[in-house]
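The structure appears below as structure tokens.
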Amino acid sequence: MSDIRVRFAPSPTGYLHVGGARTALFNWLFARKTGGRFILRIEDTDLQRSSEEMVRGILEGMEWLGLDYDEGPFYQSDYAEKHRETAARLLDSGAAYRDFTPKQERDEATIKQQFAEAARQPRARNPYRDLPRDQSDRMAAEGTPFVIRLRVPEEGRTSFDDVVFGLQERSCTEIEDLVLLRSDGHPLYNLSVVVDDIEMGITHVIRGQDHISNTHKQVLIYEALGAQVPTFAHLPLILAPNKSKLSKRKHGAVVSVTTYRDSGFIPDAFVNFLALLGWSPEETDREMFTRAELIERFSLEGIHKSNAVFNFTEGDARHWTDQKALWMNHEYISKMPLADLLPMVRTQLERDGLWRERYGGDQSEWFAQTVDLLRARYRTLADFSSYGRAYFVDDLSFEFEQAAVQKNLKKDAALRDLLPGLAAKFEAVEVFDHESTDAALREFAGERGVKAGLLINAARTALTGQSVGPGIFDVIVAVGRERTVARLRHAASLV
RNA sequence: GGCGCGUUGGUGUAACUGGUUAACACGCCGCCCUCUCAAGGCGGAGAGCACGGGUUCGAGUCCCGUACGCGCUACCA
């Protein structure tokens, strides 16, 4: 056990964002790799938008991904008093001052414009920065509202050595006297994180690159507090295909990890995919890694500086998320131990009302074989109940794809007569297995003078409604004699 | 506007401290399997390393500039 302590500190937005998930993953991997502790802290200082509901989304996402934390979840709002005390301490030590400037309402929409305007003239010195302490105390006592701002040095530079981005330096003149405590007594983000990170003994801060300029302000706070500055490692961002920041508002469900859970992703597969976004192991000729292998190989040094693009096509059902993620999930589904996959498929079928108790009882062998048969060509667990529906349903309530019907059934009118004939042939077979059905079908084809392929392809569509799938005799055996015979007869009506 | 960071095929990534025809994976295309393919096998196209200079015998790798992108810039986090 090392003394390394890291934390994942999401704000409760109601769901876990893929970018946040990756940040959590990297923190987790680092903690597990180094024998450190991984702490979860919910940054709910934002008054309005924080509720049990919102927090649940984060927790669910973490749980699904299998990112277990050693401490927490802690709620930042529980420490507000501590944050206020710290601000008061900074005020007393002279590292901060009261600013009595009336609150200036900012309109979110025009904020960028305001930056540009403000930048045109040199930053005005805050008139209250040098107000003598007794006057400041008097005004406060009189009830004049104020905020507490950090007294940022007028010269010099702040710096920190980022593990990923290297030495970061900034002139203090570029940093404004940031607000620590609002006029209503609410502590602000930069103060809160620093106080909490100190309190929790965080040694390594691993977070998104969008915090890099906040870090300079935070370093100043650490210094004003006389606390030890942790090691920082900023992560490159995950961008949308058009290279803009990935956001739920603009990009919808693709950014939420619950979407991946609900779409039939295997947690390990998604973790594997996420790990390779912005990080690469030294062993570069491989991409498939188990969790243990990821932990073993993980290092902060392997993190990249450039942003990664999460590649997906909006509105395209087959490309709804990154192709590589889908491919990787397919790899997991087709190669993972069958015993691990079975319960996942079961959950999926239950969700879609396709699960039968007998699949877990006297048909458990059949269920395992069928899943094993289908897995090679599926990309998500959801495929088992969509593409695989025909295997789990007794009646004909599965979709007959138009193209398949056209191609394999309507192709030859003789099928109208052949299909019932084949059904009869199958009924007469003694043992209904791969060999006997194969022999029966070929014998029937010979009797009728047609190519086996005609019957085979027609049977595929008759049994599954599709034109693609596993080898036909495997399909026939999986579907079983009763349904095979019934479906062949029914298909004659579709010719 | 200011400050910072980044830029290798469509995407994710490789390329030792500069040294052979820039490698791998996804995707795409084609072929094979011939009972199909959204499975599998095999093969192919696709970047000359954002652009322009410079240093060097030699640069994706070092230096400078430009462009573009992204981030931050708030009594949001």
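Just so it is clear: chains get the letters A, B, ... in the order the sequence lines come, proteins before strands, and each one is counted from 1.
- Atom CD of Q168(A) and atom C1' of C72(B) are 12 Å apart (whole Å).
- The separation between H216(A) atom NE2 and U73(B) atom C1' is 12 Å, rounded to whole Å.
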Listing time: all N or O pairs from protein to nucleotides 65-71 of chain B that are below 3.5 Å?
unit_1: C70(B); atom_1: O2'; unit_2: N307(A); atom_2: ND2; d: 3.4

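- A sub-4.0 Å separation between OP1 or OP2 of C76(B) and a side-chain N or O of R182(A) is present.
- Contacts of E293(A) classified as salt bridge (Lys or Arg N to Asp or Glu O under 4.0 Å), with partners at least two apart in sequence or in another chain: R286(A).
- Straight-line distance from the CG atom of D316(A) to the C1' atom of C28(B): 14 Å, rounded to whole Å.
- Taking atom P in both C72(B) and G60(B), the straight-line distance is 34 Å, to the nearest Å.
- G208(A) comes within 4.0 angstrom of no nucleic acid atom, judged by non-hydrogen atoms across all strands.
- Not counting sequence neighbours, the partners of W320(A) by the ring pair (Phe, Tyr, Trp, His ring centres under 6.0 Å) test are Y260(A).
- Every ring pair (Phe, Tyr, Trp, His ring centres under 6.0 Å) that F160(A) has, sequence neighbours left out, goes to H216(A), F232(A).
- A distance of about 15 Å separates the C1' atoms of A25(B) and G46(B), rounded to the whole Å.
- A search for side-chain contact (heavy atoms from CB on, under 4.5 Å) contacts involving R318(A) returns D316(A), R379(A), Y387(A), not counting sequence neighbours.
- Separation of the C1' atoms belonging to G54(B) and G12(B) is 33 Å when rounded to the nearest angstrom.
- C24(B) and C68(B) have their C1' atoms separated by 28 Å, with the value rounded to a whole Å.
- Checked against the 6.0 Å centroid criterion, the rings of F473(A) and H434(A) qualify as a close aromatic pair.
- Distance check on atom P: G10(B) versus G18(B) gives 29 Å, rounded to whole Å.
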Point to revise | Heavy-atom protein contacts under 4.0 Å, nucleotides 36-52 of chain B, coded B base, S sugar-phosphate only, - none | key: BBBSS------------
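- Nucleotides C3(B) and G65(B) place their P atoms 13 Å apart, quoted to the nearest Å.
- Residues passing the salt bridge (Lys or Arg N to Asp or Glu O under 4.0 Å) test with K217(A), sequence neighbours excluded: none.
- Phosphate contact (OP1/OP2 of A14(B), side-chain N/O of S280(A), threshold under 4.0 Å): present.
- Stem analysis of RNA chain B (Watson-Crick or G-U pairs, both distances under 3.5 Å, runs of at least three) returns B:1-7 with B:67-73, B:10-13 with B:23-26, B:28-32 with B:40-44, B:50-54 with B:62-66.
- Every residue meeting the side-chain contact (heavy atoms from CB on, under 4.5 Å) condition with L188(A), not counting sequence neighbours, appears here in chain and number order: V179(A), R182(A).
- Listed by residue number, the members of residues 268-275 of chain A with any heavy atom below 4.0 angstrom from RNA chain B form an empty set.
- Within 4.0 Å of V147(A), counting heavy atoms only, lies at least one base atom of the nucleic acid.
- Between U20(B) and A38(B), the two C1' atoms lie 42 Å apart (nearest whole Å).
- E282(A) CD: 12 or fewer foreign heavy atoms inside a 6.0 Å radius.
- Residues satisfying the ring pair (Phe, Tyr, Trp, His ring centres under 6.0 Å) test with F146(A), not counting sequence neighbours, are F100(A).
- We find that CZ of R207(A) is positioned 13 Å from P of C72(B), with the value rounded to whole Å.
- Heavy atoms of P281(A) sit nowhere under 4.0 angstrom from any nucleic acid atom.
- Every ring pair (Phe, Tyr, Trp, His ring centres under 6.0 Å) that H211(A) has, sequence neighbours left out, goes to Y189(A).
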